[in-house]
Amino acid sequence: MKNNFLQNIAITGNDPGCATLTKSCIYGIQYGDQSFSVGYFSRERLTLTSTDVIDGFLFGCGQNNQGLFGGSAGLLGLGRHPISFVQQTSQKYHKTFSYCLPSTSSGVGHLTFGATSNSYVKYTPFSTVSQSNSFYGLDISGISVGGTKLPISSSIFSSGGAIIDSGTVITRLPPTAYASLRDSFKKGMTKYPTASGVSILDTCYDLSGTNTVSIPKISFFLGSGVTVEIAAQGILYVVSLKQVCLAFAPNGDDSDITIFGNVQQRTLEVVYDVGSGKIGFASNGCK
């Protein structure tokens with residue numbers, strides 16, 4: 001999972017190719033921010049615990065890694081692709097995993113493979129995403145700010161489709177939806193001094209002289225009547241106390257794909273039941 005809030009991350013890799021004479025296999029994969037990795041495509045026994053052992057596990061051993069990887073030791077593929085970790089371990093974990101991203105880098109979260117025991121999870125079906133069969137689609141029907149549903153047609157989200165992506169930091173919305181969210185959010189933040197924007201974030205505040213901050217709640221409405229309330233840590237992105245910004249940004253066009261990013265997922269229990277074609281959400285998942 002890459003973590004640079006200035007970019008959208010989308011895999012555009014090719015299938016590995018194998019040389020006939022040497023029997024060596026080379027892979028090449030590129031991301032939406034133009035980062036790439038090229039190396040050897042390998043097969044090995046993967047040992048996760050003393051009892052969780054996966055024979056013949058396929059993985060890439062990167063030899064040329066360039067771009068915004070930020071010193072990461074590696075990337076764990078959790079998408080729908082046949083060689084993702086989820087698919088390769090399907091007999092063991094039944095294509096089910098969950099995680100909770102903590103509110104801060106020093107907090108404790110989790111990544112769990114197999115069924116969840118959280119009974120508070122509410123599920124919504126994955127939607128179909130035309131751009132790639134590796135992504136997990138979301139059916140977003142609306143957004144509310146401060147308890148009031150915004151006057152946004154659900155067709156705004158369906159025109160470009162929507163996905164959930166742990167590798168994209170800031171949620172990217174159709175410009176029409178973003179403008180409505182931003183304007184409504186500003187009305188609930190008039191008592192706080194504004195600050196200059198940073199990069200793709202254009203709605204920022206100076207909270208350095210404030211002891212207690214009250215911000216409008218933001219919720220997303222999904223298919224099957226599921227409502228996901230965004231935690232406070234997922235509404236504001238703190239650059240510094242003098243520059244605290246609304247953690248959403250617009251796409252270039254309403255037809256571009258909506259991306260539900262990892263800042264908005266903070267503290268949520270997010271459960272992917274790929275075999276059953278559904279995704280679930282619950283509050284306070286990092287406990």
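Predicted model only: the values in this text are computed from it and were never measured.
Both Leu268 and Ile215 belong to a common hydrophobic cluster when Ile, Leu, Val, Met, Phe, Trp and Tyr are linked at side-chain heavy-atom distances under 4.5 angstrom. Note: the hydrophobic cluster containing Met189 also contains Leu150 (ILVMFWY, side chain heavy atoms under 4.5 Å, direct or indirect links). Hydrophobic clustering of Ile, Leu, Val, Met, Phe, Trp and Tyr side chains at less than 4.5 Å, counting indirect connections, keeps Leu76 apart from Val271. Note on Val86: it does not cluster hydrophobically with Val53, by side-chain heavy-atom contacts below 4.5 Å among ILVMFWY residues. Under a hydrophobic-cluster definition in which Ile, Leu, Val, Met, Phe, Trp and Tyr are linked whenever side-chain heavy atoms come within less than 4.5 Å, directly or via other members, Val228 and Val121 are assigned to different clusters.
Summarising the geometry, atom CD1 belonging to Ile235 is positioned 7.0 Å from atom CD1 belonging to Ile230; distances are rounded to the nearest 0.5 Å. Interatomic distance, OG of Ser166 versus OH of Tyr99, reported as 4.5 Å (0.5 Å rounding). One finds the CD atom of Gln30 at 8.5 Å from the OG atom of Ser35 (value rounded to the nearest 0.5 Å). Interatomic distance, Tyr27 OH to Ile29 CD1, rounded to the nearest 0.5 Å: 8.0 Å. Taken from CG in Asp165 to CZ in Phe135, the straight-line distance is 6.5 Å, to the nearest 0.5 Å. A distance of 6.0 Å separates CZ of Phe126 from OH of Tyr136, quoted to the nearest 0.5 Å.
Geometrically, Lys122 does not engage Phe281 in a cation-pi contact, judged by NZ or CZ lying under 6.0 Å from the ring centre and within 45° of the ring axis. Cation-pi geometry between Arg172 and Phe260 is not met: the NZ or CZ atom fails to fall both under 6.0 Å from the ring centre and inside 45° of the normal.
Ser84 and Gly79 get closest at one heavy-atom pair: OG-O, 2.8 Å. Nearest approach of Val198 to Cys245, heavy atoms of both residues: CG1-SG, 3.8 Å. In terms of heavy-atom proximity, Val263 sits nearest to Ala247 at CG1-CB, 3.9 Å. Among all heavy-atom pairs drawn from Cys204 and Gly197, the shortest one is SG-CA, 3.7 Å. When all heavy atoms of His110 and Ser98 are compared, the pair lying nearest together is CE1-OG, 3.7 Å. The minimum heavy-atom distance linking Asn65 with Val38 is given by the pair OD1-N, 4.3 Å.
Remark: the backbone N or O of Thr51 is paired with a side-chain donor or acceptor of Thr49 at under 3.5 angstrom. Between the side chain of Gln88 and the backbone N or O of Leu58, at least one donor-acceptor pair lies under 3.5 Å. In this structure a side-chain-to-backbone donor-acceptor pair under 3.5 Å is present from Thr104 to Gly107. Although no hydrogens or angles enter the test, the distance criterion places a donor-acceptor pair under 3.5 Å between the side chain of Tyr192 and the main chain of Ser214. At distances below 3.5 Å, not a single donor-acceptor pair connects side-chain atoms of Gln87 with backbone N or O atoms of Phe85. Looking only at distances, no side-chain donor or acceptor of Ser224 sits under 3.5 Å from a matching main-chain atom of Thr124. Side chain of Ser159 to main chain of Ile156: a donor-acceptor pair is present (N/O by atom type, distance under 3.5 Å, no hydrogens or angles). Using modelled atom types, one side-chain atom of Ser141 and one backbone atom of Phe221 make a donor-acceptor pair closer than 3.5 Å.
A donor atom on one side chain and an acceptor atom on the other are not found under 3.5 Å apart for Glu269 and Tyr120. For the residue pair Asn262/Gln264, the side-chain donor-acceptor check at 3.5 Å is not satisfied. When only modelled atom types and interatomic distance are considered, Asp253 and Ser255 share a side-chain donor-acceptor pair under 3.5 Å. Remark: the Tyr178 side chain and the Asp202 side chain contain an N/O donor-acceptor pair separated by less than 3.5 Å.
At least one side-chain heavy atom of Ile279 sits under 4.5 Å from a side-chain heavy atom of Leu138. You'll find the side chain of Ile218 reaches within 4.5 Å of the side chain of Phe185, heavy atoms only. Within the 4.5 Å cutoff, no side-chain heavy atoms of Tyr237 are placed close to those of Leu246. With contacts defined as side-chain heavy-atom distances shorter than 4.5 Å, the pair Arg182/Phe248 does not qualify. Put simply, the side chain of Lys92 reaches to within 4.5 Å of the side chain of Asp52, judged on heavy atoms. With contacts defined as side-chain heavy-atom distances shorter than 4.5 Å, the pair Tyr272/Thr96 does not qualify. Within the 4.5 Å cutoff, the side chain of Arg45 has no heavy atoms near those of the Phe57 side chain. Taking 4.5 Å as the limit, some side-chain heavy atom of Leu173 sits within range of a side-chain heavy atom of Thr171.
Checked options Ile143, Thr176, Asp254; the residue passing with Phe157 is Ile143 (criterion: side-chain contact (heavy atoms from CB on, under 4.5 Å)).
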**Message:** Let's go through Ile163 and Ile257 carefully: what are the C-alpha distance in whole Å and the side-chain angles of both, what is the deciding distance for side-chain contact (heavy atoms from CB on, under 4.5 Å) to 0.1 Å, and is it a yes or a no?
**Reply:** CA-CA 7 Å; Ile163 62 171; Ile257 192 167; 3.5 Å; yes

**Request:** Give the intermediate values and the outcome of side-chain contact (heavy atoms from CB on, under 4.5 Å) for residues Val239 and Val244.
**Result:** CA-CA 6 Å; Val239 181; Val244 180; over 6 Å; no

**Message:** Pair Thr203, Leu201 - check side-chain contact (heavy atoms from CB on, under 4.5 Å), show working.
**Reply:** CA-CA 6 Å; Thr203 302; Leu201 306 179; over 6 Å; no

**Request:** Decide side-chain hydrogen bond (donor to acceptor under 3.5 Å, both in side chains) for Asn118 and Thr116; before the verdict, give the C-alpha distance in whole Å, the side-chain angles of both, and the deciding distance to 0.1 Å.
**Result:** CA-CA 6 Å; Asn118 190 334; Thr116 180; 5.3 Å; no

**Item:** Trace of the side-chain contact (heavy atoms from CB on, under 4.5 Å) decision for Asp206 with Thr194
**Value:** CA-CA 6 Å; Asp206 180 353; Thr194 59; over 6 Å; no

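Using the six-membered ring where Trp is involved, Phe97 and Phe113 have ring planes that are tilted, between 30° and 60° apart.
A salt bridge is absent between Lys95 and Asp273: the closest approach of a Lys/Arg side-chain nitrogen to an acidic carboxylate oxygen does not fall below 4.0 angstrom.
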